[in-house]
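These notes are about the structure you will find just below.
What you see is a predicted model, and the numbers here were worked out from it, not measured in a lab. The first residue in the sequence is number 1, and the count goes up from there. The figures that follow rest on heavy atoms only: side chains count, while hydrogens, waters and symmetry mates do not.
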Amino acid sequence: MTLPSHADDRRARRDRTILSVVVGGFLLFAIVLMSISVSTNANEAKAKAALDASFKTVHIHQSEFRTLFGRFATWPELSQRGVEIGPRQTVRESNADASHWFISLRDQGTGLICDRTGELFDEDSKERASICRPAR
């Protein structure tokens with residue numbers, strides 16, 4: 001039976017140090033990725049809530065416009081009447097006819113894009129959910 005040498009002790013300590021650094025680095029990397037994901041999800045949830053508020057506003061004004069003119073309004077018509085969307089939002093697409101309207105909004109901060117439609121017989125702004133996706 002031989003006793004461990006001084007060199008064996010140093011090698012074992014070095015191996016434990018290397019292993020500790022690798023495991024610590026991996027854990028730090030995992031924590032950073034998780035915090036980025038949580039932050040992104042929180043920002044997208046706030047953006048979706050703001051977009052939903054804009055859709056509610058559009059729905060209300062579309063109902064009023066339809067009552068007055070017998071058809072739904074295009075976005076330029078709503079905009080001319082003073083309807084506004086959130087400050088970080090832009091209108092990507094929109095269209096309207098006598099019985100339907102469609103609008104697609106983009107949140108500038110997150111790039112989240114949400115689309116919403118409305119129909120003649122919708123009683124409430126919650127009747128239809130918006131469909132959202134990240135910008136590509």
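Annotation: side chain of E93 is in contact with side chain of F102 (closest heavy-atom distance under 4.5 Å). Using a 4.5 Å heavy-atom cutoff, the side chains of V22 and S20 are not in contact. Q89 has its side chain within reach of L51: a pair of non-hydrogen atoms, C-beta onward, lies under 4.5 Å apart. Put simply, the side chain of I113 does not reach to within 4.5 Å of the side chain of L105, judged on heavy atoms. Side-chain contact between T90 and Q108 is present, with at least one heavy-atom pair separated by less than 4.5 Å. For the pair W75 and V83, the minimum side-chain heavy-atom distance is below 4.5 Å. Residues R116 and I131 form no side-chain contact, since every pair of their non-hydrogen atoms from C-beta on lies 4.5 Å or further apart.
Heavy-atom minimum distance, C114 versus F55: O-CZ, 3.4 Å.
A side chain to side chain contact (heavy atoms under 4.5 Å, CB included) with R14 is found for exactly one of R10, R16, R11, namely R11.
A perpendicular orientation is assigned to the rings of F72 and W101, their planes being inclined by more than 60° (bins at 30° and 60°).
Each salt bridge (Lys or Arg N to Asp or Glu O under 4.0 Å) pair with one or both residues in residues 82-91, not counting sequence neighbours, appears once here: R88-D107. Among pairs with a residue in residues 53-80, those fulfilling salt bridge (Lys or Arg N to Asp or Glu O under 4.0 Å) read R71-E77, at least two apart in sequence or across chains.
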_Apply side-chain contact (heavy atoms from CB on, under 4.5 Å) to residues R128 and E119 and explain how you reach the verdict._
CA-CA 9 Å; R128 298 182 189 284; E119 293 189 10; 3.0 Å; yes
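With 3.5 Å as the limit, one finds a donor-acceptor pair spanning the side chains of S104 and R92. When only modelled atom types and interatomic distance are considered, T110 and E44 share no side-chain donor-acceptor pair under 3.5 Å.
Applying the 4.5 Å side-chain rule to ILVMFWY residues, one finds F65, L68 in the same cluster as F69.
Separation of atoms CG (L78) and CD (Q62) is listed at 4.5 Å; rounding is to 0.5 Å. The distance from atom OG of S63 to atom CG of D122, rounded to the nearest 0.5 Å, is 8.0 Å.
A salt bridge links K48 with D52: at least one charged nitrogen is closer than 4.0 Å to a carboxylate oxygen.
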